[in-house]
Amino acid sequence: MAIKVFSFFFFVYLLVEMHEISAMVPAVIVFGDSTVDPGNNNQISTVLKSNFAPYGRDYFGGQPTGRFSNGRIATDFISEAYGIKPAIPAYLDPKFDIRDFATGVSFASAGTGYDNATSDVLSVIPFWKEMVYYKEFQDKLRGYLGNDIANHHLSKSLHLISIGTNDFLENNYTFPTRSSEYPVDKYEIFLIGIASNFIRELYNLGARKIAISGLPPMGCLPLERTTNIMHGSACIEEYNDVAKDFNQKLQDSVTELNRELGGIQLVMSNPYYKLLEMIQNPILFGFENVATACCGTGYFEMSYLCDRMNPFTCSDANKYIFWDSFHPTEKTNFILADHAFKTTLTVFR
């Protein structure tokens with residue numbers, strides 16, 4: 001009898017251990033800009049929205065959600081790869097509540113940046129406000145799970161940050177205020193200081209698994225190529241060089257924070273070289289169009305300029321790296337997410 005009782009409890013113990021192993025990441029919690037905004041901008045007063053067709057035409061049910069893509073975004077695929085759920089909801093979406101957010105939530109806002117001045121350009125949610133929402137979410141989670149379980153849950157959850165491109169393309173290179181105040185090199189340091197303090201605050205709030213994304217080859221976005229007519233609409237290498245330099249500074253900061261913050265698992269996910277590989281060798285990935293986007297003429301359309309009335313939108317987004325002039329297609333998002341999951345994010349598996 002004693003042997004049977006022991007066997008029973010040992011079996012239960014194994015089941016618990018197996019569950020813990022399979023749930024190394026119980027939730028994916030997201031901060032950032034349009035690369036990871038699943039629809040928070042739908043709920044605020046801004047012109048930067050995408051909750052209309054043809055956005056979302058390849059999403060579940062063909063519904064536009066506010067994602068700046070024809071389908072899912074990278075964080076949706078990362079959540080699915082961890083076996084959690086196929087799509088991460090927007091925190092401000094009234095259709096969802098803490099039961100949904102407990103396994104993954106995004107506070108991201110399209111058009112925002114590290115710099116408060118960037119979010120002011122199109123009146124979107126500033127980066128610091130995403131932290132305010134996160135604290136509010138923590139309170140709700142503790143009410144839902146209880147303090148101890150919620151704290152453990154948060155420490156095991158993956159916190160993802162994807163932001164920064166708008167600070168350069170929408171702010172520094174567009175308006176004179178920041179560029180006159182900060183040379184590009186100093187502006188990079190300014191932004192990384194904000195990123196580092198944001199990570200420290202996440203850490204102080206109990207986060208232990210954090211991944212921060214670097215910048216893509218932003219000079220190769222269709223919108224930027226459009227302005228480079230004198231050079232045959234080639235990638236703007238100056239912008240790409242800034243992205244590479246910023247990414248190196250960010251990696252250095254990540255290294256320092258790993259030394260500074262005991263018990264943290266902090267990694268930098270760098271999309272630059274994978275996306276550049278796709279741009280330089282599109283056939284290897286099944287793409288046909290690199291310099292232009294699927295929506296509209298493919299040169300400048302984004303948000304309301306990319307709508308159902310545009311006669312030029314392509315029929316097959318899988319042939320394109322970019323969906324609109326600034327954002328990747330669902331296929332590109334999947335490739336980038338899969339690459340990150342199999343490389344830098346393996347530490348969390």
Side-chain angles (χ1 to χ4, degrees), residues 28-33 35-36 74-75 78 107-109 112-119 126-132 134-135 154-155 157-173 178-179 181-219 238-276 336 339-341 343-348:
V28 177
I29 299 169
V30 184
F31 307 88
D33 56 24
T35 56
V36 291
T75 40
I78 289 171
F107 305 100
S109 176
T112 200
Y114 290 115
D115 187 352
N116 289 338
T118 303
S119 61
F127 194 41
W128 64 264
K129 187 65 177 288
E130 294 185 29
M131 180 63 76
V132 172
Y134 176 64
K135 292 176 181 177
L154 290 166
S155 71
S157 296
L158 176 57
H159 295 68
L160 287 174
I161 303 168
S162 177
I163 193 170
T165 305
N166 296 321
D167 289 304
F168 293 96
L169 300 185
E170 186 182 300
N171 183 356
N172 190 266
Y173 287 126
R178 280 298 189 228
S179 58
E181 185 178 2
Y182 294 103
V184 172
D185 182 67
K186 294 293 190 293
Y187 191 56
E188 292 171 14
I189 295 170
F190 169 70
L191 298 179
I192 288 169
I194 296 171
S196 299
N197 287 333
F198 192 89
I199 290 169
R200 288 188 183 97
E201 189 164 5
L202 283 178
Y203 177 84
N204 291 332
L205 291 168
R208 290 298 179 268
K209 299 181 177 183
I210 305 173
I212 186 167
S213 178
L215 300 181
M218 54 191 184
E238 176 191 350
Y239 292 1
N240 285 352
D241 289 342
V242 168
K244 287 187 288 186
D245 191 54
F246 178 88
N247 289 347
Q248 183 56 60
K249 287 184 172 70
L250 185 60
Q251 181 59 67
D252 292 343
S253 178
V254 165
T255 301
E256 287 299 316
L257 287 168
N258 273 309
R259 293 194 191 109
E260 173 189 331
L261 305 174
I264 196 172
Q265 287 181 292
L266 173 64
V267 299
M268 176 186 155
S269 176
N270 188 350
Y272 185 96
Y273 293 104
K274 192 64 182 179
L275 184 53
L276 189 64
L336 293 174
H339 176 70
F341 184 73
T343 55
T344 52
L345 300 184
T346 53
V347 67
F348 305 121

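Computed over heavy atoms, backbone and side chain alike; hydrogens, waters and symmetry mates excluded. Because the structure is a prediction, the values reported are computed rather than measured.
Using modelled atom types, one finds a donor on one side chain and an acceptor on the other under 3.5 Å when comparing Y187 with N171. Counting only N and O atoms by type, the side chains of N172 and Y182 include no donor and acceptor under 3.5 Å apart. In summary, the side chains of D252 and Q248 do present a donor paired with an acceptor at a separation below 3.5 Å, with no hydrogens or angles considered.
Side-chain contact between V184 and F246 is absent, with no heavy-atom pair separated by less than 4.5 Å. A heavy-atom distance below 4.5 Å is found between the side chains of E130 and T112. A 4.5 Å side-chain heavy-atom check between L169 and Y239 finds at least one atom pair inside the cut-off. Between Y273 and K244 the shortest side-chain heavy-atom distance falls below 4.5 Å. Between L257 and R200, the closest side-chain pair of non-hydrogen atoms falls below 4.5 Å. Side-chain atoms of E181 and F190, non-hydrogen and from C-beta on, never get closer than 4.5 Å to each other. Within the 4.5 Å cutoff, no side-chain heavy atoms of I210 are placed close to those of F31. M131 has its side chain within reach of L202: a pair of non-hydrogen atoms, C-beta onward, lies under 4.5 Å apart.
Summarising the geometry, atom OH belonging to Y173 is positioned 5.0 Å from atom CE belonging to M218; distances are rounded to the nearest 0.5 Å. Taking CG of N247 as the start and CD1 of I192 as the end, the distance is 8.5 Å to the nearest 0.5 Å. Taken from OG in S155 to CG in L205, the straight-line distance is 13.0 Å, to the nearest 0.5 Å. Atom CD1 of residue I163 and atom CG of residue D33 lie 5.5 Å apart, to the nearest 0.5 angstrom. For the atom pair CD1 of I264 and CD1 of I199, the computed distance is 6.5 Å after rounding to the nearest 0.5 Å. I78 CD1 to S269 OG: the interatomic distance, rounded to the nearest 0.5 Å, is 6.5 Å.
Looking at every heavy atom in both residues, A211 comes nearest to L345 through CB-CD2, 3.7 Å. Of all non-hydrogen atoms in S213 and L250, the two that sit nearest each other are O-CD2, 3.8 Å. Nearest heavy atoms, L215 versus G164: CD2-C, 3.5 Å. The two residues G263 and R208 come nearest to each other via the heavy atoms O-CD, 3.7 Å. Summarising the geometry of P271 relative to L336, their closest heavy-atom pair is O-CD2, 4.3 Å, with the distance given to 0.1 Å. Listed here is the closest heavy atom pair of A195 and I212: CB-CD1, 4.0 Å.
Formation of a donor-acceptor pair under 3.5 Å by the D167 side chain with backbone atoms of G113 is not found in this model. With hydrogens and angles disregarded, no donor-acceptor distance shorter than 3.5 Å links the side chain of N270 to the backbone of G214. Judged by distance alone, with hydrogens and angles left aside, the side-chain atoms of S196 form no donor-acceptor pair with the main-chain N or O of G193 at under 3.5 Å. Panel note: side chain N240, backbone G219; a donor-acceptor pair is recorded below 3.5 Å. No side-chain donor-acceptor contact under 3.5 Å links S253 to the backbone of K249. Listed for the N258 side chain is a donor-acceptor partner under 3.5 Å among the backbone atoms of L266.
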F127 and I161: CA distance, side-chain angles, deciding distance, side chain to side chain contact (heavy atoms under 4.5 Å, CB included) verdict | CA-CA 10 Å; F127 194 41; I161 303 168; 4.1 Å; yes
Between L154 and I29, does a side chain to side chain contact (heavy atoms under 4.5 Å, CB included) hold up when you go through it step by step?
-> CA-CA 9 Å; L154 290 166; I29 299 169; 4.1 Å; yes
Check the pair F198 / Y114 against ring pair (Phe, Tyr, Trp, His ring centres under 6.0 Å), numbers first and verdict last.
-> CA-CA 9 Å; F198 192 89; Y114 290 115; 8.2 Å; no
